[in-house]
Peer 1: 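Handing you a structure now.
Note that ligands are numbered from 1 as they come in the structure, with each ligand's atoms numbered from 1 the same way.
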Amino acid sequence: VGTLGDAAAAKGRYFGTAVAANHLGEAQYASTLDAQFDSVTPENEMKWDAIEGTRDSFNFASADRIVDHAQSRGMKVRGHTLVWHSQLPGWVGGLGTADLRTAMNNHITQVMTHYKGKIDSWDVVNEAYQDGGSGARRSSPFQDKLGSGFIEEAFRTARTVDAGAKLCYNDYNTDGQNAKSNAVYAMVKDFKQRGVPIDCVGFQSHFNSNSPVPSDYRANLQRFADLGVDVQITELDIEGSGSAQAASYAAVVNACLAVSRCTGITVWGVTDKYSWRSSGTPLLFDGNYSRKPAYDAVLAALGGS
Ligand code: G3I
């Protein structure tokens with residue numbers, strides 16, 4: 001099997017990438033995407049500011065371009081993201097408690113209704129926990145005004161809108177076992193015990209020299225899977241180059257393959273040319289769309305050649 005998507009499929013997984021709508025018209029971008037990947041995540045186009053920059057005025061045009069592209073080629077779509085403190089238009093932060101609750105549930109309902117039946121997994125809530133050792137929630141309009149129950153409320157609303165989509169909690173620096181991932185673990189355990197609808201946990205997996213692939217990555221994925229949720233690697237990129245970068249990528253793939261409920265891997269971009277990391281080369285294809293050693297290592301780890 002000669003492509004990432006086909007090799008992953010042979011292992012019962014998907015292999016996806018973040019996509020930006022404004023690059024789909026670039027021939028090499030589209031041909032690399034179409035040849036190699038079988039899942040897409042809109043990099044920015046489904047975020048609150050992109051879709052509902054003004055209250056009750058919904059603009060789906062850019063996200064639709066990505067979803068249409070994916071659907072016409074049989075690719076899965078990960079929805080990213082419904083409730084997040086960042087890329088949140090100012091009007092949301094200005095609302096009082098009751099109004100904010102209405103706005104949050106309305107946003108979830110409108111967006112999920114528009115894409116109903118087209119989304120494999122939704123990142124319902126993104127990055128709700130603080131970094132560092134506290135394991136505490138991050139301050140946000142949702143946390144500060146609605147309280148800690150906002151996550152549960154978002155998931156319950158999401159389930160009523162599209163019962164066919166998997167509902168995920170997504171975060172970063174939760175890839176290994178630490179105070180932050182312990183806090184997310186406790187939340188997921190509580191949700192499963194109380195019947196709050198959650199199907200999956202996304203591990204963003206943005207790695208660099210300060211935050212390398214953790215040695216307990218597989219064990220951490222497994223402990224979440226053991227709670228009865230799928231796990232997904234959702235925004236993978238690894239700074240560096242050459243054989244060291246390739247080895248780190250292989251370690252990520254091997255960790256996912258070792259966990260039966262690790263259902264897929266998404267890298268956070270097609271090409272180094274458009275990575276969100278301005279000073280980096282963190283992806284599988286270089287700026288000229290040539291395959292890097294990291295690509296070869298991923299394909300080999302997936303059992304392809
Ligand atoms: O759309 C405007 C454009 O109109 C303007 O001319 C331009 C000038 O700077 O900015 C454009 O918006 C940028 C947007 O990307 C689209 O390109 C924002 O400034 C920029 O901040 C934004 O960055 C995105 C970032 O999320 C914002 O938080 C990155 O592309 C995106 O890769 C990144 O993705 C996040 C995930 O959603 C969540 N996890 C972390 C990950 C990496 O930060």
Peer 1: Tyr185: what forms a ring pair (Phe, Tyr, Trp, His ring centres under 6.0 Å) with it, not counting sequence neighbours?
Peer 2: Phe224
Peer 1: Going by the disulfide bond (SG atoms under 2.5 Å apart) test, which pairs reach into residues 62-165, not counting sequence neighbours?
Peer 2: none
Peer 1: With a 6.0 Å cut-off on ring centres, are Tyr249 and Tyr295 close enough?
Peer 2: no
Peer 1: Near Lys292 NZ, under 6.0 Å, is it more than 12 heavy atoms from other residues, nucleotides or ligands?
Peer 2: yes
Peer 1: Please collect all disulfide bond (SG atoms under 2.5 Å apart) contacts where either partner lies in residues 196-243, sequence neighbours excluded, each pair once.
Peer 2: Cys168-Cys200
Peer 1: Does the ring centre of His80 sit less than 6.0 Å away from the ring centre of Trp268?
Peer 2: yes
Peer 1: What residues come within 4.0 Å of ligand 1, counting heavy atoms only?
Peer 2: Glu43, Asn44, Lys47, His80, Trp84, Ser86, Gln87, Asn126, Glu127, Gln204, His206, Glu235, Trp268, Trp276
